[in-house]
Amino acid sequence: MAPLEASIWFWVAFNAAVVGLLLLDLGVFAKKDRNGDPLPVPVSTALLKSGAYFLLAMAFCAWIWLGYGASPEVRQTKALEFLTGYLIEWSLSVDNIFVFVLIFARFGVPAAYQHRVLFWGILGALAMRGAMILLGTALLREFDWIMILFGLFLVWSGWKMLRSVGEEEPDPANNPVLKWMRRRFPVTDGYRGNRFTWREGGKLFLTPLALVLVLVELTDLIFALDSIPAIFAVSTDPFIVYTANVFAILGLRAMYFALAGIIHRFRYLKHGLSLVLMIVGAKMLANWFAGGKAVPVEYALAATGTIILGSIALSLWRTRGENRPRHA
């Protein structure tokens with residue numbers, strides 16, 4: 001099968017299917033109360049949805065293995081690149097949940113309203129990452145030495161993350177963008193259902209839920225600055241980079257409701273993520289100086305999987321007696 005990145009119809013159909021899945025998740029499958037607000041998602045339901053999204057990603061990986069590329073060797077390489085990229089993006093998405101829990105707790109967002117914030121946050125993340133991937137692909141095609149900058153940035157970012165382990169997270173309410181918005185726009189003194197805006201006395205107000213959405217989008221932007229260069233270390237094929245990102249983000253909403261209650265137990269995940277970032281940064285540098293694939297993708301997949309799954313397993317084992325989250 002010919003590479004599909006040349007077909008505009010594939011991209012239209014793929015993104016339409018992604019939006020359709022999100023709409024089904026929010027509208028059809030979400031149970032609602034008498035006021036029409038979504039009810040809190042039970043952990044069991046969230047785990048089933050997370051598992052379904054994972055199986056969907058694995059089915060897409062199998063499809064790549066069977067049909068994406070001119071030869072079996074190319075198809076195998078592309079499938080392994082997708083799987084490695086998906087694992088990196090998924091693990092960074094789990095790290096996002098730490099910040100989401102902090103934001104929702106700090107602003108006292110009711111569980112019924114978190115659905116809508118995450119839905120629009122994911123749509124914004126998909127659009128933002130798509131634009132960043134297009135920009136990154138164009139830059140790499142014109143200036144291949146940018147791989148050096150990406151590699152150095154990832155090594156520095158991983159080292160910075162490792163040094164920050166154990167430090168107290170900054171208060172999201174002190175975000176400078178949020179302070180600027182409060183100065184420029186009137187904000188209601190409380191939530192108005194799940195509305196982002198509210199008209200009162202002929203004047204348009206933002207609600208605190210709109211500020212929370214802005215923080216969620218800013219959080220993803222910050223994480224994308226690490227994740228996009230990281231996956232470019234695995235593959236420079238925009239088809240692989242974008243679809244791996246999409247499948248990792250697609251299950252983020254369900255994963256939040258599955259892990260929010262135990263995310264505090266992922267004590268060593270940041271250690272693992274920092275090592276992965278430094279390793280993929282070093283891989284990117286090695287590939288550039290060697291003029292090709294100095295580090296096979298199989299090795300990158302094995303290292304990434306071992307570190308991430310090992311850090312999660314160690315975290316859950318070491319915190320097996322803890323039940324309550326840090327942010328009540």
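What you see below is based on every heavy atom in this structure, not just the backbone, and it leaves out hydrogens, waters and symmetry mates.
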Side-chain contact, heavy-atom cut-off 4.5 Å: [X] with [Y]?
{"X": "Lys179", "Y": "Asn174", "result": "yes"}
{"X": "Glu89", "Y": "Ile249", "result": "no"}
{"X": "Leu221", "Y": "Met132", "result": "yes"}
{"X": "Val216", "Y": "Asp220", "result": "no"}
{"X": "Leu21", "Y": "Leu56", "result": "yes"}
{"X": "Val246", "Y": "Phe14", "result": "yes"}

In this structure, would [X] and [Y] fall into the same cluster of hydrophobic residues linked by side-chain contacts under 4.5 Å?
{"X": "Met255", "Y": "Leu309", "value": "no"}
{"X": "Ile222", "Y": "Leu277", "value": "no"}
{"X": "Leu225", "Y": "Met284", "value": "yes"}
{"X": "Ile231", "Y": "Met128", "value": "yes"}
{"X": "Val19", "Y": "Val117", "value": "yes"}

So how far is it from [X] [atom1] to [Y] [atom2], rounded to the nearest 0.5 Å?
{"X": "Leu209", "Y": "Trp198", "atom1": "CG", "atom2": "CH2", "value": "13.0 Å"}
{"X": "Tyr268", "Y": "Thr319", "atom1": "OH", "atom2": "OG1", "value": "8.5 Å"}
{"X": "Leu178", "Y": "Leu215", "atom1": "CG", "atom2": "CG", "value": "4.5 Å"}
{"X": "Asn175", "Y": "Met181", "atom1": "CG", "atom2": "CE", "value": "10.0 Å"}
{"X": "Asp237", "Y": "Glu81", "atom1": "CG", "atom2": "CD", "value": "7.0 Å"}
{"X": "Leu301", "Y": "Leu80", "atom1": "CG", "atom2": "CG", "value": "6.0 Å"}

* To do: Could you give me the CA-CA distance, side-chain angles and deciding distance for Phe266 and Ile97, then say whether side-chain contact (heavy atoms from CB on, under 4.5 Å) is met?
  => CA-CA 11 Å; Phe266 285 46; Ile97 294 176; over 6 Å; no
* Angle class for the Tyr256/Phe104 ring planes (parallel below 30°, perpendicular above 60°, tilted otherwise)? -> perpendicular
* Plane angle bin for Phe82 and Phe60 - parallel if under 30°, tilted between 30 and 60°, otherwise perpendicular -> tilted
Ignoring hydrogens and angles, tell me if any N or O in the side chain of [X] forms a donor-acceptor pair with the backbone of [Y] under 3.5 Å.
{"X": "Arg116", "Y": "Asn194", "result": "yes"}
{"X": "Ser274", "Y": "His271", "result": "yes"}
{"X": "Gln114", "Y": "Val109", "result": "yes"}
{"X": "Ser157", "Y": "Phe153", "result": "no"}
{"X": "Ser164", "Y": "Met161", "result": "yes"}
{"X": "Ser311", "Y": "Ile307", "result": "yes"}

What do you reckon, is [atom1] of [X] surrounded by more than 12 foreign heavy atoms closer than 6.0 Å?
{"X": "Phe54", "atom1": "CZ", "value": "no"}
{"X": "Arg106", "atom1": "CZ", "value": "no"}
{"X": "Phe185", "atom1": "CZ", "value": "yes"}

Closest non-hydrogen atom pair, [X] against [Y]:
{"X": "Val241", "Y": "Ser235", "answer": "CG2-O, 3.3 Å"}
{"X": "Ala79", "Y": "Cys61", "answer": "O-SG, 3.5 Å"}
{"X": "Tyr191", "Y": "Gly108", "answer": "CE1-O, 3.7 Å"}
{"X": "Val187", "Y": "Thr207", "answer": "CG1-C, 4.2 Å"}
{"X": "Val280", "Y": "Ala233", "answer": "O-CB, 3.4 Å"}
{"X": "Ala125", "Y": "Glu217", "answer": "N-OE1, 3.7 Å"}

* Is there a side-chain contact (heavy atoms from CB on, under 4.5 Å) between Leu275 and Met278 once you walk through the steps? -> CA-CA 5 Å; Leu275 291 177; Met278 287 189 282; 4.0 Å; yes
* Between Leu206 and Thr188, is a side-chain contact (heavy atoms from CB on, under 4.5 Å) present by the stated rule, with each step listed? -> CA-CA 6 Å; Leu206 295 179; Thr188 60; over 6 Å; no
* Validate the cation-pi geometry between Lys49 and Tyr53: distance from NZ or CZ to the six-membered ring centre under 6.0 Å, angle to the ring axis within 45°. => no
* Can Lys78 be said to sit on top of Phe239's aromatic six-ring, NZ or CZ under 6.0 Å from centre and within 45° of the ring axis? -> no
* Asked: Do Ile103 and Phe107 pass the side-chain contact (heavy atoms from CB on, under 4.5 Å) test, and can you show the C-alpha distance, the side-chain angles, and the key distance before you say yes or no?
  -> CA-CA 6 Å; Ile103 291 172; Phe107 286 86; 4.2 Å; yes
* **Asn245 and its side-chain contact (heavy atoms from CB on, under 4.5 Å) partner, picked from Leu126, Ile88, Ile240, Ile133** => Ile133
* Structure fact -> With sequence neighbours left out, the residues meeting salt bridge (Lys or Arg N to Asp or Glu O under 4.0 Å) with Arg195 are none
